[in-house]
Structure formats: structure tokens, C-alpha cells
Amino acid sequence: MRQSLLLPTIPLLSLLPTALATTSSKRGLVYVPSSKHPGDDKIWDSSTSDLTWYYNYGYTPTTSFSNSDLEFVPMLWGASDADSGTPFLDAVKAQIKSGTNISYVLGFNEPDGTAATGGAGIAADVAANAWIKQIEPLKKLGVKLGAPATTGSPDGFTWLTDFFNFCDGGCNPDIMPVHWYGNFEGMASHIGQKMAAYPNMKIWVTEYGYPDQDLETTQLFYNQSSEYFDRMVNITRYSYFGGFRSDVSNVGPNVAMLTQDGKLTDIGSWYLGGVATNNKPKGAAGRVAIFAGWSVVVAAAGLWTLL
Ligand SMILES: *[C@@H]1O[C@H](CO)[C@@H](O)[C@H](O)[C@H]1NC(C)=O
Ligand SMILES: *[C@@H]1O[C@H](CO)[C@@H](O)[C@H](O)[C@H]1NC(C)=O
Ligand SMILES: *[C@@H]1O[C@H](CO)[C@@H](O)[C@H](O)[C@H]1NC(C)=O
């Protein structure tokens, strides 16, 4: 831009840091391997990238990452009254016993969302019982616990209050996850609310994105979010949604970290600590992008069924 040439040197230099790719050890991957494109795994399993950890909504590590440096965080995705035994607890204990470094686990995925839109849809009392049986015992083994990850809807707060009431002191998470699909200001305000409601927990933003926007708006959201997360000391980890090709994205093609051809988009490359690739994400032909509020927003969690 011609005009910037007229700016004095010092102000221009002071603007530079925001224009450079940032690196951060807080970054992780929320990821479900693509059965259609198994080769895509190699992009994430990179010893040279910024990624330090991942979760895959499941109990056990992703096979193709078994030799990687990425730290695996097991998740108990859902729970129901019909569950028997303690398969999650057993699986995590077995990993610890075999020498895997399990420092954290995550609780339920969008329990306040309905199954139809990708949330686990768990009644707060059922979740409390499952937590006490399968998650809380890990605390004694030194594992830090992630609270249930509610949607960004205001109902999430009500669900969490009910959950902790049913727990009656028996659920003691260390981390409060945040899911957010919307603009940056809304996200910052939502995180502020969660921090105020749960001041003794660290925040992990385990799914976030700005659905169905043009590329520049999407990239601006991405930039503002990373800068904010990296600066906030009590936001200790984050994982961008997401690690999939643009043509299967159900939050709009521009959000994706991979193009329809499996190449890193600008956002994908920035997230890994690299420079812009200029690879432009394209959607599937004929897809109609409509951002219609919470019912669509929670559907993002159901993406894994498409991969
Ligand atoms: C295990 O992972 C945690 C969290 O990333 C890390 O702080 C710790 O140093 C790791 N321990 C070992 C033995 O690698
Ligand atoms: C971070 O959390 C601690 C408590 O865990 C609190 O004392 C501190 O004020 C918080 N810092 C910020 C910047 O919010
Ligand atoms: C986002 O940040 C990158 C550098 O990390 C920069 O090149 C790009 O112009 C920024 N985009 C917007 C819309 O702010």
C-alpha cells in the first residue's frame, strides 16, 4: 500500500509483530482421521510444527500419530444410563501403565447439545454419575481433568450449574473448556463469562471458529483469536476447528485448515507456525452456506461423522 510508505519508521516497526506468523506452545489439534484421505494425517504429525497436543474425541490415540511427539488427551465423549463398567477409566489407566504420558483428560462433548446436531446430549445427572465413576478417580493418579465442554449457547451455563449440583462436590475439574462458533467479540465475552463463573480453572478453547464468512473476515478472526489466546495467561491451550478439508467443512469452506486438495490453507499454515501458502479453500459444489444460529453452530461438533 502506497500510504504506508509515508508512515514514520517507528510506528511502522511497532506494527510489525502482528503481521508476522506467531508461534505458540498452547496449540493443539482437534482431529478425527479422514478415512477418505488417510494421507492427510502426515500434515499434522510434524515435529517441526507448533502443535504440541491433540484430542480425537476418543479414549485411545490416533494410530498414525503413535510415533509422534504430540501429547494425546483422551476424552470421554458421552455417557448414558445404560453404560456398564468403566471402559474409559480402564483405557486411560492402561495407557498410563504402559508408559504413555497422560497428563490431562477431557470430559463430555457438548452435553447440552442434542445428538441430532453432534452434541452428546447428556442429562446433567447422568453426566455427574458418569464423571464420578470414570473421570474423578484419575485425579488421584495426578491427571488433570477437563470439565464437560458445553456449547457456546447460554444454556451451557445452566447445564454446568445443574451438573455441579448433581455432583455434590464429587466432580473437581481443573480445566474449563470453551466451544465457540461466532465472531471474536462474542467469543472474548463468552470466555470472560466462563472465567468469572469458574475462576479457579484454566481455560482450554477446544473448538472455535467463525462459520460461513468470507476469507478475509475468517482470517481476521483467526488472527485476533490467536493473539488473544497467546496473551491470556489463564487460557492455557487451544485447538482450532479445524483440521479437515474445505469441501467437507460444515462450518463453511473458509474455516478449514486444508483445501479441497489436502494442502494447507493460510490459516492452516499459520496455525502450524508457518507462513501464508495462498492456497484458497473451496467448498463442495452446490453447498449452500447459511449461518442460522445455535442449531447450526452445535452441528459443527458432528463433523466427524462426515470424515
Ligand atoms: C507429560 O506431559 C506434560 C504436559 O504436556 C508435560 O508437562 C510433562 O513434562 C510430560 N512428562 C514427561 C515425562 O514427558
Ligand atoms: C488467572 O487465574 C488466577 C487464579 O487461578 C487468578 O488469580 C488471576 O487473577 C487470573 N489472571 C488473569 C489475568 O485473569
Ligand atoms: C493475519 O495475519 C497474517 C500474518 O500472521 C497476515 O499476513 C494477514 O494479513 C492477517 N490477516 C488479517 C485479515 O488480519
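Each ligand, and each atom within it, is numbered from 1 in the order the structure gives.
Electrostatic pairing of D247 and K282 does not count as a salt bridge here, judged by no charged N lying under 4.0 Å from a carboxylate O.
Looking only at protein heavy atoms, the nearest one to atom 13 (C) of ligand 2 is V233 CG2, 4.1 Å. When only non-hydrogen protein atoms are considered, atom 12 (C) of ligand 1 lies nearest to N101 ND2, 3.2 Å. For atom 5 (O) of ligand 1, the nearest protein heavy atom (residue, atom name, distance) is E71 OE1, 2.5 Å.
In this structure, a donor-acceptor pair under 3.5 Å is absent between the side chains of T151 and E110.
Using bins of under 30°, 30° to 60° and over 60° for the plane-to-plane angle, the ring pair Y271/Y222 lands in the perpendicular bin. In this pair, F163 and W159 present their aromatic rings parallel. The plane angle is below 30°, not in the 30 to 60° band.
For ligand 2, the atoms sitting less than 4.0 Å from at least one non-hydrogen atom of N234 are 1 (C), 2 (O), 3 (C), 8 (C), 10 (C), 11 (N), 12 (C), 14 (O), numbered in the order shown with element in parentheses.
Annotation: Y104 places no N or O atom under 3.5 Å from an N or O atom of ligand 1; distance criterion only. Looking at ligand 3, you'll find an N or O of N223 within less than 3.5 Å of one of its N or O atoms.
Residue contacts with ligand 3, taken as heavy atom pairs separated by less than 4.0 Å, involve L220 via backbone and side-chain atoms alike. Only the side chain of W270 comes within 4.0 Å of ligand 3, counting heavy atoms alone; its backbone N, CA, C and O stay farther away.
Test F65, Y238, W204 against W53 for ring-ring contact (aromatic ring centres under 6.0 Å, His included) and you get one pass: W204. When the options N234, I235, D230 are evaluated for a side-chain contact (heavy atoms from CB on, under 4.5 Å) with M232, the one that passes is I235.
For atom 9 (O) of ligand 1, the nearest protein heavy atom lies 4.0 Å or farther away. The protein reaches atom 2 (O) of ligand 1 closely, with a heavy atom under 4.0 angstrom from it.
In this comparison of A196, G192, P199, the heavy atom closest to atom 4 (C) of ligand 2 sits on P199.
Centroid-to-centroid, the aromatic rings of Y228 and F184 come within less than 6.0 Å.
Annotation: cation-pi pair R27/Y240 absent, no NZ/CZ under 6.0 Å from the ring centroid and within 45° of its normal.
Using a 4.0 Å cutoff on heavy atoms, R237 counts as a contact of ligand 1.
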